[in-house]
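Quick notes on the structure that follows.
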Amino acid sequence: MLKIMVVKNRKQYIESLKKQNPKVYVAGELVKDVTRNPLLENSVETIAEGYDFQNDPELKQRFTVDSPLISEKISRATHISQSMEDLVAKAELTRRLTITYSCTRRLCMSNLLAALWMATYEADKEGNTSYHENLVEYVKYLQRNDCAISIGMMDPKGDRSLRPHEQEDPDLYLRVVEKNEEGIVVRGAKMHNTAAYSNELIVTPSRGMSEKDKDYAVSFAVPVDAEGLTHIVKPLASEEEMNREMENPLIRHFGGAMGITIFEDVHIPWDRVFLCGEWKHAMLIPLTWSATHRQVKCACRAGQIEMLIGAAALAAEYTGTEGFQHVQDKITNMIIAAESSYGCSLGSALKGIKHESGTFIPDSIIANSGLYNSRVALGDHLTTLHDLAGGLAVSAPCEKDYLNPETRPYLEKYLKGRKDIPTEHKLRAYMLLEDILGSKVGGYFAGSAISAGGTPQTNKIEVYRRYDLEKAKRNAKKLAGIGEKN
Ligand SMILES: Cc1cc2nc3c(=O)[nH]c(=O)nc-3n(C[C@H](O)[C@H](O)[C@H](O)COP(=O)(O)OP(=O)(O)OC[C@H]3O[C@@H](n4cnc5c(N)ncnc54)[C@H](O)[C@@H]3O)c2cc1C
């Protein structure tokens with residue numbers, strides 16, 4: 001049967017943003033049209049590129065998939081993974097796109113849908129609820145409209161040593177303040193999200209809840225321009241940095257400005273609610289997401305490290321150091337880190353299991369172990385970049401001086417590396433290094449490597465919690481001869 005395509009292109013995505021009217025503040029100003037704001041342009045472009053990829057003749061076949069829900073060809077960005085092959089496809093695409101694109105943004109949002117798929121199914125099994133049915137219909141809506149999704153998981157959290165209900169200000173975790181026949185009313189905020197230039201925001205608890213926290217055990221979806229929502233977004237760079245031609249090259253690829261979304265008594269209709277008060281089930285969402293998201297994050301880290309490898313190797317080539325043994329050794333360490341992280345992404349897909357709800361959940365221990373290792377090695381990788389690049393990584397001249405005819409001849413002469421490499425190429429390679437190592441975007445890149453998708457400690461907690469230590473101890477007993485006879 002011929003499948004109809006519901007795969008949008010960049011123009012349709014941008015038009016969809018223009019039809020919305022979200023309340024967005026950026027750097028002190030209320031933004032009328034997010035698609036035309038100079039400080040958000042590169043972030044909108046990041047998502048738009050995601051829509052390009054799913055229409056790209058070379059990538060399309062991998063980026064699109066037959067939906068089992070609506071019997072149409074859809075983007076993987078809204079697909080609920082059904083098999084190991086689905087997870088492998090996501091890993092492959094993520095790694096490939098992250099090398100130049102730095103964050104796929106579109107693809108990884110579906111990781112939360114998969115987690116919700118399983119968690120709502122489990123919640124309904126125990127209670128007289130229809131959250132899973134709500135989610136199924138909602139995912140069909142996302143697929144039919146090929147929506148740009150954002151994730152609202154992280155609460156402001158106030159004092160980290162206190163539970164949600166113990167906070168002095170009860171709004172520091174998002175909560176339900178009213179239930180009525182039509183739906184629920186929610187108040188609070190969600191941090192670090194990309195809702196301002198998406199169509200939909202999916203909200204989930206960020207942690208486990210106790211019975212006293214039951215008002216905080218809430219999950220739902222909301223259009224980003226719903227009444228009562230305010231998004232305060234931090235731009236990734238200044239307008240000047242965004243418009244430079246040579247310096248700050250990353251900003252042209254690295255969108256993803258994040259914001260805090262405030263919910264001032266926002267009404268959510270019941271058919272968009274995926275959890276409301278079932279506190280025992282709150283933790284299953286972040287826990288399952290810990291597997292689905294981190295399997296993909298391992299591939300993302302592999303791509304990010306590959307980007308660093310390229311930058312380091314290029315500078316070494318241009319300055320004539322690439323043949324030195326210690327340079328090769330340090331680059332090899334980065335290659336090993338990238339491949340190990342990617343291996344964990346594939347391995348966790350391979351060892352995944354099909355949940356009875358139909359979604360395929362990757363192995364959490366492998367995903368979290370891989371992500372942990374690739375994250376904590378970031379410091380080593382950045383050290384290697386500084387080490388191999390030398391001082392010019394933080395003191396490359398400004399492009400204005402390079403382009404100024406009075407100073408350019410000096411810079412042409414004294415910044416020359418290998419004789420067959422134009423000085424401009426060397427300078428551009430160093431400007432990339434400077435962007436990675438010393439700019440605001442470079443800082444965002446590091447923050448994304450370490451904290452996006454949960455901090456390293458959350459990887460460790462997950463690994464320890466799931467690991468079969470008793471089995472390992474039984475093995476030790478057997479080896480030590482500790483058994484029934486003694
Ligand atoms: C680039 C980027 C993109 C992101 N995208 C999204 C997104 O799309 N949607 C979204 O919802 N979130 C997103 N996040 C948020 C991300 O998930 C959080 O930043 C991360 O989970 C850490 O939470 P936090 O920032 O509140 O830091 P904290 O949780 O405050 O962590 C700081 C430190 O305190 C420790 N800590 C905190 N609480 C405890 C505790 N109770 N016990 C022991 N130690 C504790 C942590 O382990 C860590 O070492 C993004 C973050 C980044 C950097």
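In each ligand, atom 1 is the first atom listed, and ligand 1 is the first ligand listed.
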As a test of the contact definition, would atom 49 (O) of ligand 1 count as having a protein heavy-atom neighbour under 4.0 Å? no
I'd like to know if Glu92 and Arg96 make a salt bridge, using a cut-off of under 4.0 Å between side-chain N and carboxylate O. no
Could you tell me the residue and atom name of the protein heavy atom closest to atom 29 (O) of ligand 1, and the distance to it rounded to 0.1 Å? Lys157 NZ, 2.7 Å
Do Arg10 and Glu45 sit within salt-bridge range, that is, some charged N less than 4.0 Å from a carboxylate O? yes
Close-contact set for ligand 1 against Gln457 heavy atoms, below 4.0 Å: 47 (O)
Identify the closest protein heavy atom to atom 51 (C) of ligand 1: which residue and atom is it, and at what distance? Ala452 CA, 3.7 Å
Give the contacting part of Lys190 toward ligand 1: side chain, backbone, both or neither, where contact means a heavy-atom distance below 4.0 Å. neither
So, are Lys280 and Glu122 salt-bridged, with charged N and O less than 4.0 Å apart? no
Determine, counting only non-hydrogen atoms of the protein, whether one lies under 4.0 angstrom from atom 32 (C) of ligand 1. no
Is atom 44 (N) of ligand 1 touching the protein, meaning some protein heavy atom lies under 4.0 Å away? no
List ligand 1 atoms under 4.0 Å from Gly447, heavy atoms only on the residue side. 53 (C)
Just to confirm my output: which protein heavy-atom neighbour is closest to atom 41 (N) of ligand 1, and how far is it? Arg160 O, 3.4 Å
Under a 4.0 Å threshold between the charged nitrogen and the carboxylate oxygen, would Arg76 count as salt-bridged to Asp86? yes
For atom 20 (C) of ligand 1, grab the closest protein heavy atom and report residue, atom and distance to one decimal in Å. Ser451 O, 3.4 Å
Any atom of ligand 1 sitting under 4.0 Å from a heavy atom of Thr455? yes
Under 4.0 Å from any heavy atom of Gly453, which atoms of ligand 1 are there? 17 (O)
Under a 4.0 Å N-O cut-off, is there an ion pair linking Glu211 with Lys214? no
Output yes when Lys18 and Glu15 qualify as a salt bridge under the 4.0 Å nitrogen-oxygen rule, no when they do not. no
Just distances here: any N/O of Gly152 and N/O of ligand 1 closer than 3.5 Å? no
Check whether any side-chain N or O of Thr129 sits under 3.5 Å from a backbone N or O of Tyr131 as a donor-acceptor pair, and report yes or no. no
Say you draw a straight line from CD of Glu278 to CD of Glu126; how long is it, rounded to the nearest 0.5 Å? 10.0 Å
Closest approach of any protein heavy atom to atom 9 (N) of ligand 1, naming residue and atom: Ile151 O, 2.8 Å
What residue and atom, counting heavy atoms only, is the protein's closest point to atom 6 (C) of ligand 1, and at what distance? His192 O, 2.9 Å
Strictly inside 4.0 angstrom of atom 24 (P) of ligand 1, do you find any protein heavy atom? yes
Of all the non-hydrogen atoms in the protein, which one sits nearest to atom 3 (C) of ligand 1, and at what distance? Met258 SD, 3.2 Å
Are the side chains of Ser210 and His165 in contact, using a 4.5 Å heavy-atom criterion? yes
Taking 4.0 angstrom as the limit, do Arg106 and Asp146 come out as a salt bridge? yes
